[in-house]
Structure formats: C-alpha cells, structure tokens
There are 2 protein chains.
Amino acid sequence: MAKDSLHARVERAIGERILGGEFPPGGLLPNEADWGRTFGTSRTIVREAIRSLTAKGLIRSRPKIGSRVQPRSQWNMLDRDVLEWHRSAMDRRAFLLSTQEARRLIEPGIAELAARKHTPEQVEGLVTALAAMKSAKGMTQIVASDVAFHEALLVCANNELLLPFGIIIEQALSNLFDFTTQNNPHYSFALKLHEAIVKAVTAADGTAAREAMLALLSDTDEVIDHRAAKKAKKKR
Amino acid sequence: MAKDSLHARVERAIGERILGGEFPPGGLLPNEADWGRTFGTSRTIVREAIRSLTAKGLIRSRPKIGSRVQPRSQWNMLDRDVLEWHRSAMDRRAFLLSTQEARRLIEPGIAELAARKHTPEQVEGLVTALAAMKSAKGMTQIVASDVAFHEALLVCANNELLLPFGIIIEQALSNLFDFTTQNNPHYSFALKLHEAIVKAVTAADGTAAREAMLALLSDTDEVIDHRAAKKAKKKR
DNA sequence: TCAAGACTTTTGTATGACAAATAGATGGGT
DNA sequence: ACCCATCTATTTGTCATACAAAAGTCTTGA
C-alpha cells in the first residue's frame, strides 16, 4: 500500500485531507515549503503532488497567493484517486447509494446506445466478458468480471465521452460485493439478467437493452435493500 | 493565449500531440531530457507537465521504461484540457454530435433528479440562472448564461458524481452557438423551453422535467440539422 | 486622502547531482 | 546449447540550491 512513489503518497495525504473537509473550498493550503517540512520531503516532491492535484481540479496555485481549494464543482470526481478519497470521506452506504443513483441515470442509456451503435468486435468483447462472468470463481474474480462486463458494454456505446463513467460502475460493484457472500443464490439470477442484455445488444434492440439494464439495476437495488434490512434486524 | 505558465504550455503541446494520434496508446514518449531539448526548457518543467498528463490518465511513467501512452479508456475525457485537445483533434461536426449524444443520455435524467431532489437554495440558483438568460445580450453572454443554467440544474440533481458532466454541456453549447447568429429567432423559443424546465423542477414533477429537457434537446438537435442543411445547400 | 513605488511572500523555473528501478546484455555453469 | 544469475546502461525519482516572476501589502510623498 505504501510502496507508491513519494510524490504519490504526498498527493494522497493532501488529497485525503481536502476531501475530508480539513481544507474547505476557497480555503488556502499551507505553502510548499511548509508541506515539505510536514512530510519531510523536498519541495520538488510537494510541487509534483500539487501539480497532480491541480490537474485533478482540486486546487489552483498562484504566485504570492498560494494554493487555494477549488469549488467542488471543479473537482474531477471521476478520477480514480479523487473518487477513492471521496469514498473514504463519507458514509459507506451513502456512497453506495449515490453510485447506484448515477448508474440508474447512465447505464440504461448506455445499454440502448450499445445496442444501436456497437461494432462486431465490440459486441464480441461483450460476449467474452459474459463468458468470463460465468466461469468466475471466488469473490475477486466475480467482481472483476462483472466490472469488465459493464466496461465492455460502455465500449459498445461507441462514445468516448462516456468512458469515464466506468469508474463509478467499478466503485459501485466493488463496494456492493464487499458485503455479499460468495455463494449468493442471487448470482445465477443476475447472470440471467446480464445474458438478457447481451441478447438485446446483439439483436440491436435498443429498447430491450434499456429494459434489461433497468431490470438488472433494480435487482441490484433490491440486494442493497435486503442487506440493509438484515443489518437493521441484527441491530434489534 | 500563450501567457500560461511554461509547464502548462509544454503540457498542452504534448497533450495535443497525444490526442492528435502522434503517440498512440501503448506507444512510448521521448524521455524527459529529450522533451527539454525540444522545448528549450529545463527538465523540471517537463516533469511537471508529465505529472499533470499522468494525473489526467493520458500517460504512465516508470523508471528505465519512460512514459507510455495509456489506453484511451483511461483518459480523463471530462477534463477541460483533454476534452479541448480532443475537440481540436477531430471533426467539428462529429464532436458536436458526440457531445449532443452524451447530453441526450444524461440530461433528461438530470432534470428528473433535479425535480425530485433539489433544495430550496439550489432551485433558487436555477431561477437566477434563468433570469440571467433572459437579460443576456450578445453571443458571449448568451452562451455563458445558458451554460450557467444547465450547470445550476446539475447542482439541483444533488449528486456530486454527476457534476463532471458539466464540461460536456459547456463544450456542446459553445460549439453550437459558435455558428448561430446573435439574433436567432429561435432563441425566444429556447427560452420558453428553459422556463418549462424550471417550472417542472419547482413543482417537483420529475416526469415533466424529463419531458421538458427532452424537448429542449430535440430543439437543439433541430438547430444542428438545420445548420447542416443550410451548409449543404451553400455547397451546392 | 490617495496613488506611485518599494517591499515581501509565494509560486515558477533552472541547474546539477545522485538514488532507484528495470530491460537488456553479459557471462558462467550445466 | 540452454538457462539462470549478474552486471550494465538508461530512464525516472528525489534532493538541494539559487534566482525569476507575480502580486498582495506597506510606505511615502504630493
């Protein structure tokens, strides 16, 4: 975990503190020299970390002023690191719900686009991904193959502007399965729903693909609710 | 235009060449010293540029290997700079169409969410944005206020994961209006459609908000088609 | 009272040196 | 002839230092 390069570690440290609310939007960060003393690194390292955070929209630096935290609307929330810091800064369930909400917004449309605009090679990738889901053993493989499936579907949509959403699906699925058991009887049903999506996409039936994806998402939401209910019961 | 800091200019130069296809995904970039000679800058500057490009998902550096271009799926296409480089590397009309396609995918859902989940302050921001649209004079103000309106709607949806999409709307609108004339008679109709959205959101009517947004998007698409037809006519 | 200029703080850029990682070459043993 | 260990060369990673440039803030003079 801590075998990243030095600037990456410094970047994470600062990023987590920003996402954690320690430095609110509009607020001023310590200057580069201070950070260097804080982490015991050279200013070079701090500068590279700050450059990276700037590229992710978290801050903005100006001479004599220092580095200011940008408004949250500027934050590149679909960046892997930023999203991760965001996740650890908020309630686990709330995070899961917001990712699911985003999925409901995006993925039905993605499925429809995929059905209407896929190329043969792309749909082949989707079929391969489905096969991988079927033969997946163990939680790690199951999650990975599920993510790969939705990633492949994203590719089928043939619009590069939509690719960055993959990270949300990835986060939603990993956080979702984090709690479910390996022998979930639900899984075979979920597989059927994935199959339905592939079928609709292959048939170039946009409406059916949208419907199938909606069914899958509703099923996922049910899993979440069920888990919440079980937890509430335990508490009682 | 060229008054950015040095590392920003170097970053842009490299980024444009990557998006332009000169360095394909999987390909290797020149090393840092070479870039330094190319641009006549110190290695420090090149490193900061590369750090930024790395943060945007375009490349990945490793000792002894150098910097490799990442697969396009890793590219942070919703980053302002990356999207800009992307735009200038592709056909203007194709870019506009892909942004509109993305908007059709996202914005109806955004409108619905906005209607269902907005807070009073957020809807107030929306109303303000609408007022600004009405009093906007000149192409620059019109585009800016239109962007601000959709940005405000995005905020009303109350899901931070969706905020990064604002950049797509911004690009779509600026490229759209780039060609339309200031005294477009269409504008008053577009204003009515925006009004309808605000009304539906205020009334917390998700379905109506979605429908109104769909109408607005269809109207926008018509403008695009109309322009295309006019151009084709001119050519003849 | 106000405005022009000096001052000061912070980031921006340059240079040179060394550390660490690692692909590829080299060589030795079987 | 083949394979494994090792050595080498290249590239990024990190450090230290110095100075330039930007931009608030203070000072001073009219």
Side-chain angles (χ1 to χ4, degrees), chain A residues 1-15 17-18 22-71 74 80-81, chain B residues 1-15 17-18 22-71 74 80-81:
Chain A
M1 180 47 147
K3 69 177 180 47
D4 290 328
S5 54
L6 212 38
H7 63 258
R9 265 181 284 172
V10 171
E11 181 192 346
R12 184 169 57 235
I14 301 179
R17 291 172 72 173
I18 293 176
E22 184 170 342
F23 302 103
L28 215 51
L29 261 54
N31 66 36
E32 295 171 352
D34 283 346
W35 281 123
R37 275 184 289 275
T38 302
F39 297 116
T41 68
S42 67
R43 206 188 133 204
T44 308
I45 295 303
V46 174
R47 276 189 66 77
E48 297 210 357
I50 283 185
R51 185 67 47 233
S52 198
L53 292 170
T54 302
K56 290 171 178 172
L58 294 192
I59 58 181
R60 177 195 164 107
S61 303
R62 292 172 65 194
K64 165 72 185 178
I65 309 295
S67 296
R68 230 169 238 304
V69 178
Q70 290 276 83
Q74 296 296 310
R80 178 172 261 100
D81 297 324
Chain B
M1 182 47 148
K3 69 179 182 42
D4 291 329
S5 54
L6 212 38
H7 63 257
R9 267 181 282 172
V10 170
E11 180 192 347
R12 184 170 57 233
I14 301 179
R17 290 172 72 173
I18 292 177
E22 185 169 342
F23 302 104
L28 214 53
L29 261 55
N31 66 38
E32 294 171 353
D34 283 346
W35 282 124
R37 274 184 290 274
T38 302
F39 296 115
T41 69
S42 67
R43 209 188 131 205
T44 309
I45 295 304
V46 174
R47 276 188 66 76
E48 296 211 356
I50 284 186
R51 186 65 48 231
S52 199
L53 292 170
T54 302
K56 290 171 177 172
L58 293 192
I59 58 181
R60 178 196 164 107
S61 304
R62 293 172 63 196
K64 166 69 186 179
I65 310 296
S67 296
R68 231 170 236 305
V69 179
Q70 291 275 81
Q74 297 294 311
R80 179 172 258 100
D81 297 322

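Lettering of chains follows the sequences in order, A, B, ..., and the numbering in each one begins at 1. These numbers were taken from a predicted model, which means no experiment stands behind them.
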Compare the minimum distances between each of [options] and the side chain of [X], then state the nucleotide with the smallest one.
X       : options                : answer
B:Lys64 : D:dA22, C:dA14, D:dT11 : D:dT11
B:Ile65 : C:dT22, C:dA14, D:dG24 : C:dT22
A:Ser5  : C:dT13, D:dG13, D:dC15 : D:dG13

Side-chain N or O of [X] closer than 4.0 Å to phosphate OP1/OP2 of [N]:
X       : N      : value
A:His7  : D:dT14 : yes
A:Arg62 : C:dT10 : no
A:Arg47 : C:dG12 : yes

In residues 60-67 of chain A, what donor-acceptor pairs under 3.5 Å come from side-chain atoms, sequence neighbours left out?
{"residue": "A:Ser61", "atom": "OG", "partner": "A:Ser67", "partner atom": "OG", "Å": "2.6"}

Between B:Gly66 and A:Gly40, the residue closer to the 5' end of DNA chain D by nearest nucleotide is B:Gly66

Between A:His7 and A:Ala49 the two heavy atoms that sit nearest each other are O-CB, 3.7 Å

Can you see which heavy atom on B:Trp35 is nearest to which on B:Pro30, and at what distance?
->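 That closest heavy-atom pairing would be NE1-O, 3.2 Å.
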
For B:Thr44, report the nucleic acid contact type (base, sugar-phosphate, nothing); a contact means any heavy atom under 4.0 Å.
-> base

Would you classify A:Arg51 as touching base, sugar-phosphate or nothing, given that sugar-phosphate means primed atoms plus P, OP1 and OP2, and contacts are heavy atoms under 4.0 Å?
-> sugar-phosphate

Evaluation steps, side chain to side chain contact (heavy atoms under 4.5 Å, CB included), between B:Asp81 and B:Arg12 = CA-CA 8 Å; B:Asp81 297 322; B:Arg12 184 170 57 233; over 6 Å; no

Hey, does the side-chain of A:Arg43 have a donor or acceptor N/O within less than 3.5 Å of a partner on the base of C:dG12?
->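 Side chain to base: pair found, below 3.5 Å.
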
